[in-house]
Amino acid sequence: MAFIKKSRNSDALAQDERKVQRDCSSLALGLEQPDPLARRWAARDLADCPDASAALVSRLQREDDASVREIIFSTLTCLGDDIAVAGLVQCLRSDDAALRNEAIEAMKQLPDEVAAIMQGLLEDSDADVRIFAVNVLESLRHPEVESWLIEVIERDPHVNVCATAVDLLGEVGTEASREPLRHLKARFADEPYIQFAADLALKRIAEI
Amino acid sequence: MKRILIVDDAATVRMYHRSILETAGYAVEEAVNGFEALEKALQSSFDLYVVDINMPKLDGYGFLRELRGQDIRQVPAIMISTEADASDRQRAYAAGANAYMLKPSRPEQLLVNVKLLIGEAQA
């Protein structure tokens, strides 16, 4: 018997039945169908079509069904092209906390693609986006993670961006983070949380 | 001893708030997201919740909305967030928060709010 590899979306769609044609134009239309089932199938099957990322990103901003969103994120993660990554970044600017969190989780699965734009995200004019970028670093398996975090705590003027970075340095920081952490403590000398988190990180680094 | 549940996905933030609250004489439990907090809130009684807004799985708004639909709805809650906009504050109160604080919290501000909501504030 031939082994058939299950796609990442297959569990969610296991009970569903395709009800639309699978050519690309039909699938694009399927993303706009009122039935979430049709949208789920379209979101999955569009992966093989040109311009799939653009259609999925456009739908993502308007999609309110959690199960459809899950599949759109999954397909965008599989595609991982520039448009897909830009669409995920766009979600970081959303007021919808669930959408932002889903985008962060999706970005964590694209270490190389996200690494290429990380510097820009960490220099974004919106402090919230910089915080979410640090959140992405939490599980981003990439050799530059500590360097990026050190740069954040040395340069970022926003206390909550630095606080988020210090939390993570407490887990991934090495000897290289020691002096930057001390500088941070001096820079935010009147912020009890920074003092607490930096001391904790320094203690953990000393125990390595 | 009054019991407080801290709900935050950041371990360092939980440790920080635990340190402040335990030093002030409160018993503290922790949850890492809204789902875990809801489970603990339904299994055990607390005098106050200290809740972060941005969390994976179930965020602070979702937790409070679920909580306010249960019998434990009268337990007060402080929401803590990095969001300084008035709209975020309004949204927190609409979800059922009794107080709203900005991160990073300061020990004295946290304790003032805790004492007020637990009913220990001096006249």
Side-chain angles (χ1 to χ4, degrees), chain A residues 66 70 73 92-108 126-132 134-139 156 158-173 181 184-185 188-204, chain B residues 6-24 30 32-35 50-66 79-92 94-95 97 101-112:
Chain A
E70 183 183 345
F73 274 116
L92 298 184
R93 303 182 193 282
S94 169
D95 289 333
D96 183 340
L99 185 69
R100 288 197 309 260
N101 285 329
E102 288 161 9
I104 288 169
E105 293 308 310
M107 291 172 76
K108 287 175 181 174
D126 184 340
D128 286 335
V129 171
R130 302 202 299 279
I131 289 173
F132 300 141
V134 175
N135 290 151
V136 171
L137 291 179
E138 183 185 356
S139 302
D156 201 293
H158 198 291
V159 64
N160 280 322
V161 181
C162 291
T164 309
V166 173
D167 291 349
L168 190 46
L169 274 174
E171 295 172 25
V172 305
L181 282 165
L184 181 75
K185 285 190 66 178
F188 290 104
D190 62 345
E191 284 290 351
Y193 181 76
I194 293 288
Q195 301 302 310
F196 179 91
D199 283 341
L200 200 62
L202 285 165
K203 188 178 168 198
R204 282 177 182 157
Chain B
I6 297 169
V7 191
D8 201 306
D9 58 321
T12 312
V13 176
R14 292 197 306 274
M15 290 170 71
Y16 174 68
H17 287 148
R18 175 186 279 275
S19 161
I20 295 166
L21 295 170
E22 284 186 342
T23 301
E30 300 178 13
V32 300
N33 60 52
F35 282 126
V50 177
V51 186
D52 180 32
I53 288 182
N54 278 310
M55 292 182 290
K57 297 184 182 173
L58 183 65
D59 65 17
Y61 297 126
F63 166 65
L64 278 193
R65 276 195 296 269
E66 291 287 332
M79 280 198 117
I80 302 189
S81 172
T82 58
E83 309 287 344
D85 292 349
S87 60
D88 294 303
R89 194 177 291 265
Q90 286 167 1
R91 199 173 160 204
M101 291 180 61
L102 286 177
K103 282 187 175 181
S105 63
R106 304 187 77 84
E108 63 277 13
Q109 290 172 336
L110 178 64
L111 289 175
V112 164

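Just so it is clear: chains get the letters A, B, ... in the order the sequence lines come, proteins before strands, and each one is counted from 1. Note that these values count all heavy atoms, side chains included, but never hydrogens, waters or copies made by symmetry.
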Item to check | Any side-chain heavy-atom pair of A:V166 and B:T12 under 4.5 Å | outcome: no
Checklist entry - When rounded to the nearest 0.5 angstrom, what distance separates CZ in A:F196 from CE in B:M15? => result 5.0 Å
Checklist outcome for this item: Under a 4.5 Å heavy-atom criterion, the part of residues 50-57 of chain B in contact with chain A comprises B:N54, B:M55, B:P56
Next on the checklist: Please classify the contact between A:D167 and chain B as side chain, backbone, both or neither, with a heavy-atom cut-off of under 4.5 Å.
Outcome noted: both
Next on the checklist: At a heavy-atom distance under 4.5 Å, which candidate from A:L168, A:D128, A:I104 has the highest pair count against chain B?
Outcome noted: A:D128
Checklist entry - Residues of residues 16-24 of chain B under 4.5 Å from chain A (heavy atom pairs)? => result B:Y16, B:S19
Item to check | chain B contact via A:A197 - which portion, at a heavy-atom distance below 4.5 Å | outcome: both
Item to check | Option from A:T164, A:I131, A:V159, A:V161 for which side-chain contact (heavy atoms from CB on, under 4.5 Å) with B:T82 holds | outcome: A:I131
Checklist entry - chain B heavy atoms under 4.5 Å from A:N135: which part of the residue, side chain, backbone, both or neither? => result neither
Next on the checklist: I want to check something: taking the side chain as every heavy atom from C-beta on, are A:I194 and B:P104 in contact at a cut-off of under 4.5 Å?
Outcome noted: no
Item to check | More than 12 heavy atoms of other groups within 6.0 Å of A:D95 CG | outcome: no
Next on the checklist: Nearest 0.5 angstrom please: B:S81 OG to A:N160 CG, how far?
Outcome noted: 8.5 Å
